[in-house]
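One structure is given below, encoded as C-alpha cells.
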Amino acid sequence: MDRLIVANWKQNPSTLADALTLAAGAAGLNVPAGVTVVVAPPLPYVASIGQANPFLVLGAQDLSLLPPGAHTGEVGADILKDLGVRYVIVGHSERRALGEMDGNVAAKAQAAVESGITPIVCVGEPRGVREQGTEAVKMFLTSQLASVPDGADVVVAYEPIWAIGSGTADDPASAADIARWIAGLLEPRVKSVRVLYGGSATPENASAFLSDPAIGGLLVGGASLDAVKFGAIVNAT
Ligand code: PGA
C-alpha cells in the first residue's frame, strides 16, 4: 500500500487564485514511487482544483453525516464523490473542539465508506492524558477508534492534540509504537488500515516518522501551505 502524504489546508488560503496556485504546486511535485499525495482544500475550492489538476488526488476536510435532502448547509458524501473526492478527513480535533462527538464521527466515516470514499479518521489524546502514561493514552484512543467502520479500507490519523500546530511534534518512536498498536487493534475488523502521523510534521522531522513502516504516511497542516516545505516532506519518504 502506498504511503499517504495528506495536505490539510484547513481554512486556508482565502482566495481561489491562491488555492489554485498551491494546488498546482502539489500537482507538479515529483512524487517518489510508493507515495500518494492527497490535497484537502476548503470545500468550495474542490471543484475548481479538480478541474485544473485532473491527476491530483482530492480530499475533503469534513462531510455531512446526512443523506441527500433538505439539510441546509450540509455537504454529503454523494456530492464529494461526484466532485472526485477520494479521501475525507473525519473527527479532526479542531472539529471535536467545536462539539463533534464520537457518534457523529462514526456516522460520517460510515457515510464516506458507503459512497466509496476512504475516511481518514483522526484520533489523538490531549496533553493531560499523555502525562498519565501510555496505558491512559491507549484507553483514550480505544474509545475514539470505535468510530472506525467495520469491514472497510480505512485510514487513521494519529494526531496527539498537543502536537497539532504547536511546533512540538511527538517523538517518532513513540508515535510509531502507537501506530503499530492502532493497526493491531483494528486489523481484525477492517479490510485494511493505514495509520498516519499528524502534528507539527515538517521537512526536518518527516523522515524520522516515515522511517518506521508502522507509520503509513503523514497528515500535514501548517507545512502543507508552503509549496517548498510540502514538497520536501513528500520527498522525505
Ligand atoms: P499541523 O496540523 O501540521 O499544522 O500541526 C496537522 C493537522 O491538524 O492535521
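Whatever order the structure lists them in is the order used to number ligands and atoms, beginning at 1.
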| request: Return yes or no for this condition: an N or O of G221 is under 3.5 Å from an N or O of ligand 1. | output: yes

| said: Quick test of your reading of the model: are D150 and K191 salt-bridged, counting only N-O distances below 4.0 Å? | reply: no

| request: Can you measure from CG (D226) to OG1 (T202) and round to the nearest 0.5 angstrom? | output: 11.5 Å

| remark: In ligand 1, the atoms that come under 4.0 Å of a heavy atom of G222 are 1 (P), 3 (O), 4 (O)

| field | Per-atom contacts of ligand 1 with H92, taking only distances under 4.0 Å to non-hydrogen atoms | value | 7 (C), 8 (O), 9 (O)

| request: Evaluate the side-chain hydrogen bond (donor to acceptor under 3.5 Å, both in side chains) criterion for residues W9 and Q61: first the C-alpha distance (whole Å), next the side-chain angles of each, then the deciding distance (0.1 Å), finally the verdict. | output: CA-CA 8 Å; W9 293 358; Q61 299 173 18; over 6 Å; no

| So which heavy atom in the protein is nearest atom 2 (O) of ligand 1, and how far is it from that ligand atom? | K10 NZ, 3.2 Å

| Atom indices of ligand 1, in the order listed, that fall short of 4.0 Å to a heavy atom of G165 | 1 (P), 4 (O), 5 (O)

| task | Find all atoms of ligand 1 within a distance of less than 4.0 Å from any non-hydrogen atom belonging to G199, and give their numbers and elements. | result | 5 (O)

| Does even one non-hydrogen atom of A223 get within less than 4.0 Å of ligand 1? | no

| query | In terms of side-chain heavy atoms, does Q144 have a donor or acceptor partner in Y158 at a distance below 3.5 Å? | reply | no

| Where is the nearest protein heavy atom to atom 7 (C) of ligand 1: which residue, which atom, and how far? | E159 OE2, 3.1 Å

| task | Please state which part of N8 comes within less than 4.0 Å of ligand 1, counting heavy atoms only: side chain, backbone, both or neither. | result | side chain

| query | Are the charged groups of R130 and D170 less than 4.0 angstrom apart, N to O? | reply | yes

| field | Short N-O contact, R180 and D212, less than 4.0 angstrom | value | yes

| Do I182 and V90 sit in the same hydrophobic cluster, where Ile, Leu, Val, Met, Phe, Trp and Tyr count as joined when their side-chain heavy atoms come under 4.5 Å apart? | yes

| Atom indices of ligand 1, in the order listed, that fall short of 4.0 Å to a heavy atom of S200 | 1 (P), 3 (O), 5 (O)

